[in-house]
Amino acid sequence: MAARAMARAVAMALSSLVVLVSSASDARCSAGDACNKRGMVGDNLLLQVAKVKRSVRVEASQDWWYDQPPQEDYHGVQRRRRNADMGSCRRRHSTPSSNPPQEAFEEWQCRGDRMVKVGPPATALPPAPAQTAPPTSAPLPAPTETAPTTDAPTLAPTTPPTDETTAAPTQTAPPQPCESAIRGSRNSSCLCMFDVDRTLTGRQGDTRHCRQNRVLDLYDEAYGGGRATLSALTNAGIATTFCNECHLGITSAGYGSGPDSPWNNYILDHIMRGEVHDAFMQSVPQGRRWSYGTDVHSPFVLKQGNTIKQESVELVRQWYGRHGACIEPSEVYFFEDRTENVKPFAEKGLNSREISCGSRDRFLYGGTGMVGYCGARPEEVQRIKGNILCN
């Protein structure tokens, strides 16, 4: 502190000396080189004084007690002129100029003939940089984690960005082609399914007891064999019933006379006929063939055991659905002469009805009347829901 006080005192003494020298020069000089030299001597003294004062201010600023230079310190060449005339920037011995190198960082600078304030004095501490808060308008995106690879790095994303989440949606199996379309509809298709022996046919060769039946010149192996005999239903034609507007099919425990026999071909070509069925078979000709048991790839099934015929009938319904014919289970109607095959259809929600109720075979199965005799009549083929027995 004492050293700084002494430096300040020396600077004040030098300033006073310069003032005296300048005053003496102004009193004795009139013109010429001598006057200019004395003026230059005074200016050099002023520059030395400025250096001393600057060092004093710097030391003061380092102790944090200095706020700004005192007004009496503005006595440099330029400032002395400024204090005398606020717009003056002219030295006595020169034309308009800029600050000398010693005052390059001063607060006031010469710009031609004017003094311009360009910044804080050199001794002032530089202002602290302004801190700006990060923008809050939108959160920064979270970093994306990628699995490390041993290959070359990928330079571009393999999939385009989306606005949605990146988790792939869970894929579920599509419903059956017809299930959603027919659910609750009152106009869906229907399906009429028939047993063969003693339903589509009657007792071979007997038209005396079954007057509406008709005997053919074809061999039917069922129940001991004989000439194939059409029941009253097939003699009149399935198309005479409501089944004309439905798809048709067969499920039988027997096999007729064999899949390639004339009798089996006659069943497909002449008995299984109806307006809707004929149109469908024209569009799906591969459906004209026989299936067996539960290996169903057509609407005509052989060798499916008794009491389980409902399994094959349901598979036929599904087969139609895969080929564009939408059929609800409640619109499936199965007609069968054998009593034990009727009730099990309730398990699948399918309709079933026992036929040949007026004529039962009193010779087979110990005379129990388990199976029919003359076969189905047209009036027995009705669109009634349920699982209906003769009695």
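Hydrogens, waters and symmetry mates play no part in the numbers below; they use all other heavy atoms, side chains included. Start at 1 with the first residue, then count along the sequence.
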**Q** Please step through side-chain contact (heavy atoms from CB on, under 4.5 Å) for the pair N341 and D195, ending with a clear verdict.
**A** CA-CA 10 Å; N341 290 331; D195 173 45; over 6 Å; no
**Q** Testing the basics here: between T339 and R360, what is the closest heavy-atom pair and its distance to 0.1 Å?
**A**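 Distance-wise, the nearest heavy atoms are OG1-NH2, 3.6 Å.
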**Q** State whether the side chain of S291 and the backbone N or O of H297 hold a donor-acceptor pair below 3.5 Å, judged by distance alone.
**A**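 Checking the backbone N and O of H297 against the side chain of S291, a donor-acceptor pair under 3.5 Å is found.
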**Q** Within the structure provided, determine whether N244 and I238 are in side-chain contact (heavy-atom separation under 4.5 Å).
**A**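 Of all side-chain heavy-atom pairs linking I238 with N244, none is under 4.5 Å.
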**Q** Less than 6.0 angstrom separating the ring centers of F242 and Y333, yes or no?
**A**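 Ring centres of Y333 and F242 closer than 6.0 Å.
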**Q** Tell me which one of L216, V215, D220 satisfies side chain to side chain contact (heavy atoms under 4.5 Å, CB included) with R227.
**A**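 The single option meeting the side chain to side chain contact (heavy atoms under 4.5 Å, CB included) with R227 is V215.
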**Q** Going only through I, L, V, M, F, W and Y residues with side-chain contacts under 4.5 Å, is there a path from I271 to Y219?
**A**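 Not linked; separate clusters.
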**Q** Any donor-acceptor pair under 3.5 Å linking the side-chain atoms of E314 with those of Q318?
**A**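 Result is yes, a qualifying pair exists.
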**Q** Check whether any side-chain heavy atom of N265 sits under 4.5 Å from a side-chain heavy atom of D260, and report yes or no.
**A**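 N265 vs D260: side chains apart.
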**Q** I would like to know whether R273 and D278 meet salt bridge (Lys or Arg N to Asp or Glu O under 4.0 Å); could you show each step before the answer?
**A** CA-CA 6 Å; R273 300 295 300 271; D278 291 351; 3.1 Å; yes
**Q** Of all heavy-atom pairs between G375 and S359, which one has the smallest distance, and what is that distance?
**A**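 Closest pair (atom of G375, atom of S359, distance): N-OG, 4.2 Å.
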**Q** Please say yes or no: joined through hydrophobic side-chain contacts below 4.5 Å, possibly via intermediate residues, are L191 and W290 part of one cluster?
**A**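 Yes, because L191 and W290 connect within a single hydrophobic cluster, where side-chain heavy atoms sit under 4.5 Å apart.
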**Q** Restricting to non-hydrogen atoms, name the atom on D361 and the atom on G372 that form the minimum distance, rounded to 0.1 Å.
**A**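 Closest approach of D361 to G372, heavy atoms only: CB-O, 3.7 Å.
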**Q** Linking I/L/V/M/F/W/Y whenever their side-chain heavy atoms sit closer than 4.5 Å, directly or via other members, would V371 and I250 fall into one cluster?
**A**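 They do not share one cluster, since no chain of ILVMFWY contacts under 4.5 Å joins V371 to I250.
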**Q** Between E221 and Y255, do the side chains contain an N or O donor and an N or O acceptor separated by less than 3.5 Å?
**A**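 Indeed, the side chains of E221 and Y255 share at least one donor-acceptor pair under 3.5 Å.
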**Q** Between D337 and Y373, is there a side-chain donor-acceptor contact under 3.5 Å, judged purely by atom types and distance?
**A**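 D337 and Y373 do not have a side-chain donor-acceptor pair below 3.5 Å.
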**Q** Is E311 paired with K348 through a side-chain N to carboxylate O contact shorter than 4.0 Å?
**A**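 Yes.
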**Q** Give, for atom CE of M370 and atom CZ of R338, the distance between the pair rounded to the nearest 0.5 Å.
**A**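 Between M370 CE and R338 CZ, I get 5.5 Å after rounding to 0.5 Å.
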**Q** List the atom of S231, the atom of C374, and the distance in Å for their closest heavy-atom pair.
**A**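 Reported closest heavy-atom pair: CB-O, 3.6 Å.
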**Q** Test E379 against R377 for salt bridge (Lys or Arg N to Asp or Glu O under 4.0 Å), laying out the working first.
**A** CA-CA 6 Å; E379 59 269 23; R377 303 189 310 270; 2.7 Å; yes
**Q** Under a 4.5 Å cut-off applied to non-hydrogen side-chain atoms, are V196 and I267 in contact?
**A**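 Contact flag for V196/I267 side chains = yes.
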**Q** Can you tell me if N235 uses its side chain to pair, donor with acceptor, with the backbone of Q212 under 3.5 Å?
**A**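 Yes, because the side chain of N235 sits within donor-acceptor range (under 3.5 Å) of the backbone of Q212.
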**Q** Got a salt bridge between R353 and E336, using NZ or NE/NH1/NH2 to carboxylate O under 4.0 Å?
**A**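 Not counted as a salt bridge, because no side-chain N and carboxylate O are separated by less than 4.0 Å.
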**Q** Between K303 (side chain only) and G254 (backbone N and O only), is there a donor and an acceptor less than 3.5 Å apart?
**A**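 No, because the side chain of K303 does not come within donor-acceptor range (under 3.5 Å) of the backbone of G254.
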**Q** Would you sort out whether C243 and C190 count as a disulfide (SG to SG under 2.5 Å), showing the intermediate values?
**A** CA-CA 8 Å; C243 292; C190 54; over 6 Å; no
**Q** What's the shortest heavy-atom distance between L315 and T294, and which atoms?
**A**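 Smallest interatomic distance, heavy atoms only, reads CD1-O, 3.4 Å.
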**Q** Nearest 0.5 Å, please: how far is NE2 in H277 from CD in E275?
**A**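 So the gap between those two atoms works out to 13.0 Å.
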**Q** Step by step, work out the side-chain contact (heavy atoms from CB on, under 4.5 Å) result for T251 and L302.
**A** CA-CA 6 Å; T251 296; L302 301 176; over 6 Å; no
**Q** Starting from F300, can I reach V276 by hopping between I/L/V/M/F/W/Y residues whose side chains sit under 4.5 Å apart?
**A**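 No; F300 is not reachable from V276 via cluster members.
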**Q** How long is the gap from CG on L200 to CZ on F335, to the nearest 0.5 Å?
**A**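 That separation rounds to 11.0 Å.
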**Q** Just so I know, are the side chains of F334 and T199 near enough to count as touching, which here means a heavy-atom distance under 4.5 Å?
**A**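 Side-chain contact under 4.5 Å: no.
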**Q** Do C192 and C246 have their SG atoms less than 2.5 Å apart?
**A**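 C192 does not pair with C246 as a disulfide (SG atoms not under 2.5 Å apart), so no.
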**Q** Is there side-chain contact between V381 and L233, with at least one heavy-atom pair below 4.5 Å?
**A**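 Answer yes - side chains close enough.
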**Q** Mark yes or no for whether T241, through its side chain, and P378, through its backbone, hold a donor-acceptor pair below 3.5 Å.
**A**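 It does not hold such a pair.
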**Q** Taking the ring of F280 and the ring of Y320, is the distance between their centroids below 6.0 Å?
**A**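 Yes - the distance between ring centres of Y320 and F280 falls below the 6.0 Å cut-off.
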**Q** For the residue pair R198 and Y223, would you count it as a cation-pi contact if the rule is NZ or CZ under 6.0 angstrom from the ring centre and within 45 degrees of the ring axis?
**A**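 Yes, cation above the ring, under 6.0 Å and within 45°.
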**Q** Could you go through T201 and T229, starting from their C-alpha distance and side-chain angles, then the distance that decides it, and tell me whether this counts as side chain to side chain donor-acceptor pair (under 3.5 Å)?
**A** CA-CA 6 Å; T201 67; T229 301; over 6 Å; no
**Q** Within the side chain of T368, is there an N or O that forms a donor-acceptor pair under 3.5 Å with the backbone of Y365?
**A**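 Side chain of T368 to backbone of Y365, a donor-acceptor pair under 3.5 Å: yes, one is there.
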**Q** Starting from W319, can I reach I308 by hopping between I/L/V/M/F/W/Y residues whose side chains sit under 4.5 Å apart?
**A**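 Not linked; separate clusters.
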**Q** Using distance alone, with no hydrogens and no angle criterion, decide if N213 and T207 have a side-chain donor and acceptor under 3.5 Å apart.
**A**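 Looking only at side-chain atoms, T207 and N213 do not form any donor-acceptor pair under 3.5 Å.
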**Q** Nearest 0.5 Å, please: how far is CD in E354 from CG in L389?
**A**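 Spacing of CG (L389) from CD (E354) equals 5.5 Å.
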**Q** I need the I355 CD1 to E380 CD distance, nearest 0.5 Å.
**A**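 One finds 6.0 Å between CD1 of I355 and CD of E380.
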**Q** Show your reasoning for whether salt bridge (Lys or Arg N to Asp or Glu O under 4.0 Å) applies to E328 and R317.
**A** CA-CA 8 Å; E328 291 191 48; R317 183 189 75 85; over 6 Å; no
**Q** For residues R383 and E331, determine if any side-chain heavy atom of one lies less than 4.5 Å from a side-chain heavy atom of the other.
**A**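 The answer is yes; the side chains approach within 4.5 Å.
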**Q** Contact between Q304 and S252 at the side-chain level, heavy atoms closer than 4.5 Å - yes or no?
**A**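 Heavy-atom side-chain distance check fails, nothing below 4.5 Å.
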**Q** Would you say C357 and C390 have SG atoms less than 2.5 angstrom apart?
**A**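 Cysteines C357 and C390 qualify as a disulfide pair, their SG atoms being under 2.5 Å apart.
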**Q** I need the minimum non-hydrogen distance between V342 and I388, along with the two atoms involved.
**A**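 So the two residues come closest at CG1-O, 3.6 Å.
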**Q** With rounding to the nearest 0.5 Å, note down the distance linking CZ in F345 to CE in M193.
**A**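 So the CZ of F345 and the CE of M193 are separated by 7.5 Å.
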